[in-house]
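Below, chain A is the first sequence line, B the second, and so on; all start at residue 1.
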2 protein chains.
Amino acid sequence: MSRKTITIKDVARFAGVSTATVSRALSRPSSVTPATRKSVLEAAQSTGYQMNQAARNLRKQQSGAIVVFVPDLSNPFFSHILSGIEAAAARNDKSVFLVNTYSPQNDNADALARYLSSSWADGVIILDGSLPKDLLQNRYVPGVSPPVVFGCEWSPPDKFPSVRTDNRRGAKLAIDHLIGLGHKNIGHVTGPLWNVLSTERLAGANAALAAHAAGLPAWQCEGDFSMASGTQAATQYLTLDTRPTAVFCASDTMAIGFMSELIKNGVSVPDDVSVVGFDDIDIAERFIPALTTIHQHREHLGESAVNLLMNAINGNAADDANAPLVLPVELIIRDSTKAIS
Amino acid sequence: MSRKTITIKDVARFAGVSTATVSRALSRPSSVTPATRKSVLEAAQSTGYQMNQAARNLRKQQSGAIVVFVPDLSNPFFSHILSGIEAAAARNDKSVFLVNTYSPQNDNADALARYLSSSWADGVIILDGSLPKDLLQNRYVPGVSPPVVFGCEWSPPDKFPSVRTDNRRGAKLAIDHLIGLGHKNIGHVTGPLWNVLSTERLAGANAALAAHAAGLPAWQCEGDFSMASGTQAATQYLTLDTRPTAVFCASDTMAIGFMSELIKNGVSVPDDVSVVGFDDIDIAERFIPALTTIHQHREHLGESAVNLLMNAINGNAADDANAPLVLPVELIIRDSTKAIS
DNA sequence: CTGAAAGCGCTTACAG
DNA sequence: CTGAAAGCGCTTACAG
């Protein structure tokens with residue numbers, strides 16, 4: 001149906017040079033004389049030439065792209081990380097493609113394995129620590145599969161380079177803040193317990209509580225980082241005989257679901273209960289009450305992931321390349337927490 | 001640095017057949033005898049063979065992928081559309097790659113043009129109606145560039161197939177609801193006026209107001225769909241001498257920023273002012289007060305986009321393929337609107 | 001059903 | 001600085 005596709009050959013004929021020269025003029029302009037460069041560029045222009053990536057990729061044995069596995073695009077937590085990734089990728093002259101691993105279509109190793117191929121990606125960044133084990137254990141063949149780097153989450157510990165936030169310290173900051181406010185009965189809504197983030201934050205929280213010999217054991221409830229699970233936690237909280245006066249939620253999204261349901265049921269935040277989240281997503285400062293939370297440096301997380309990946313791609317990774325890079329966190333105090341009265 | 005890459009040739013040698021047979025056994029199993037199929041599969045297994053996509057793409061002149069241009073991944077509005085796209089793409093055996101057009105790295109035609117190549121994508125879905133004009137006008141060459149379909153937004157009208165929500169009707173439903181509640185002084189926070197969504201919704205709102213000969217002209221304020229612009233609108237609203245008793249915001253995100261700032265300043269929603277949003281994002285029902293809004297069928301939007309695209313790819317598009325497909329909307333009444341007292 | 005061979009569109013030593 | 005030629009790893013008519 002369409003006119004014949006224009007190749008480097010057509011450009012060469014038009015410009016009266018060889019295909020080799022066209023290739024050079026286009027990809028390494030300095031390697032040809034200004035005159036030939038000019039005529040090639042003009043020829044490319046007037047023939048409407050567009051490079052065929054597949055051919056180049058095949059020949060160069062690389063794709064010029066990095067793919068990112070994202071667990072849940074609906075979670076606003078990821079968007080800033082992606083900005084960081086894109087900025088850094090652009091600096092390294094790589095395209096970035098996102099793959100939604102949370103999608104039911106991508107729920108198995110087979111579906112994802114196709115993306116984990118050097119013909120698609122020069123490297124892959126995985127933001128999802130809960131990929132099917134099979135994928136990285138059996139499908140991934142070192143040396144032929146593209147380099148992998150984990151961001152935020154991580155899964156086979158220390159098998160790949162990774163950047164992450166200091167989750168334990170974040171949890172500690174949250175609990176310390178609550179204790180400093182005089183709270184003695186502190187609850188914790190965790191993420192899914194098979195997730196590293198959840199267990200790290202739980203460990204951090206428990207350690208902080210233990211350190212103060214606060215009034216433990218407190219109420220604990222397992223969520224899944226979703227808003228819905230936050231509201232379920234609230235439902236359970238409401239049935240408690242003695243309700244904690246403060247609750248640390250392992251994600252902002254859950255904290256919002258939690259507060260929302262509480263307020264709906266006449267429980268005031270922070271008058272009746274203080275709430276702390278984790279992540280500092282955009283809505284956190286806009287929810288009423290504005291959410292006290294743990295801020296993660298998300299752009300930086302994304303950039304670091306790309307840097308680690310580029311090192312792996314270029315083969316100049318440090319000896320301890322697999323030692324996790326841990327980024328600092330900050331407590332952001334807003335209106336959802338208050339000293340006990 | 002790594003062991004030699006394993007090709008179809010190695011598999012062929014291992015299985016004692018030709019490369020042609022390996023190729024057939026792998027991609028069209030029914031075209032070889034069960035015996036050869038078995039031995040080829042085993043050979044592939046034990047050699048650890050992995051197909052080289054670039055080579056296949058080059059040979060087949062297609063990529064097996066569709067790429068999606070997303071304007072702003074941080075806007076939760078898009079996640080459900082993407083689910084719909086991914087589900088439909090999987091049914092059509094296509095991979096999907098996302099490209100963030102909002103990223104500063106992708107702000108120009110050059111950066112995006114590289115993705116708009118048949119070597120990357122068999123087709124592209126554009127969810128961003130505000131792409132640089134140059135891209136689709138000059139860089140896009142019909143017949144050689146991959147088919148394009150617009151979802152949600154659209155830009156050169158009727159030049160490409162598109163699916164969209166009935167924006168005008170959505171706005172009308174919002175206004176009619178407010179009028180039905182007795183409001184006579186109704187304000188409108190629009191999206192950016194260079195955006196089709198904004199102008200459509202504005203037109204729908206104005207038409208509905210005019211039809212009722214309600215107390216026009218009402219206050220109008222231009223935002224950019226972001227939460228921050230919603231709070232700015234609120235700041236402006238607060239300075240008004242006679243404040244509208246109801247405000248229709250062209251997106252939920254703006255509505256939330258708007259309400260948040262109002263409440264912070266002691267203005268009650270819905271007691272002092274009713275607010276209606278547009279989109280029905282996840283947080284809408286959880287914000288306090290829960291937001292009355294216009295629901296869009298986002299999964300369906302995504303699926304329809306893929307269907308249109310597949311028609312274009314397979315060359316069986318209808319004659320009126322470029323006539324926009326318009327999806328219905330629904331008014332969801334929650335707690336942010338109330339009859340005037 | 002299977003094999004030999006051509007070719008997809010590039011890039012890059014190798015000569016000159 | 002430029003050209004002729006090989007080759008990246010597949011798939012697919014064309015014979016048999």
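- The aromatic rings of B:F97 and A:Y115 lie perpendicular to each other, with more than 60° between the two planes, well past the 30° mark.
- Heavy atoms only, all atoms of each residue included: A:A43 and A:A15 are closest at CB-CB, 3.7 Å.
- Under a cut-off of 6.0 angstrom, the local environment of CD in A:Q45 is sparse, with at most 12 non-hydrogen atoms contributed by other residues, nucleotides or ligands.
- Residue-level contact check: A:Q50 touches the backbone only, with heavy atoms under 4.0 Å from sugar-phosphate atoms and none from bases.
- Computed from coordinates, the A:I8 CD1 to D:dA4 P distance equals 14 Å when rounded to whole Å.
- Looking at the side chain of A:S18, the nearest of the listed nucleotides D:dG3, D:dC10, D:dA5 is D:dG3.
- Looking at heavy atoms from C-beta onward, B:T7 lies out of side-chain contact with B:N52 at the 4.5 angstrom threshold.
- Atom CG of A:D10 and atom C1' of C:dG9 are 11 Å apart (whole Å).
- Straight-line distance from the CZ atom of B:R56 to the C1' atom of D:dT12: 13 Å, rounded to whole Å.
- Side chains of B:S63 and B:D122: a donor on one and an acceptor on the other come within 3.5 Å.
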Test side-chain contact (heavy atoms from CB on, under 4.5 Å) applied to B:W154 and B:V163, step by step: CA-CA 9 Å; B:W154 62 97; B:V163 223; over 6 Å; no
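- Not one side-chain nitrogen or oxygen of B:Q61 sits closer than 4.0 Å to the OP1 or OP2 atom of D:dT11.
- The side chain of B:A55 lies closest to D:dC10 when the candidates are D:dG3, C:dG9, D:dC10.
- For the strand DNA chain D, secondary-structure stems (runs of at least three Watson-Crick or G-U pairs, all distances below 3.5 Å) span C:1-3 with D:14-16, C:5-12 with D:5-12, C:14-16 with D:1-3.
- In this entry the distance linking CH2 of A:W120 with P of D:dC10 reads 15 Å, nearest Å.
- Comparing the C1' positions of D:dG16 and D:dT12 gives an interatomic distance of 16 Å, to the nearest angstrom.
- Nucleotide D:dC10 holds its P atom 11 Å from the NZ atom of B:K9, rounded to whole Å.
- Rounded to an integer number of Å, the gap from CE of B:M51 to P of D:dT11 is 6 Å.
- Side-chain contact between B:L135 and B:F69 is present, with at least one heavy-atom pair separated by less than 4.5 Å.
- The shortest side-chain heavy-atom distance between A:L41 and A:K38 does not fall under the 4.5 Å cut-off.
- Computed from coordinates, the A:L58 CG to D:dC8 C1' distance equals 4 Å when rounded to whole Å.
- Candidate nucleotides C:dG9, C:dG3, C:dT11 were compared by shortest atom distance to the side chain of B:V17, and C:dG3 ranks first.
- A heavy-atom distance below 4.5 Å is not found between the side chains of B:I126 and B:V149.
- Residues from residues 20-36 of chain B that place a heavy atom under 4.0 Å from any atom of DNA chain D, listed by number: B:A20, B:S23, B:R24.
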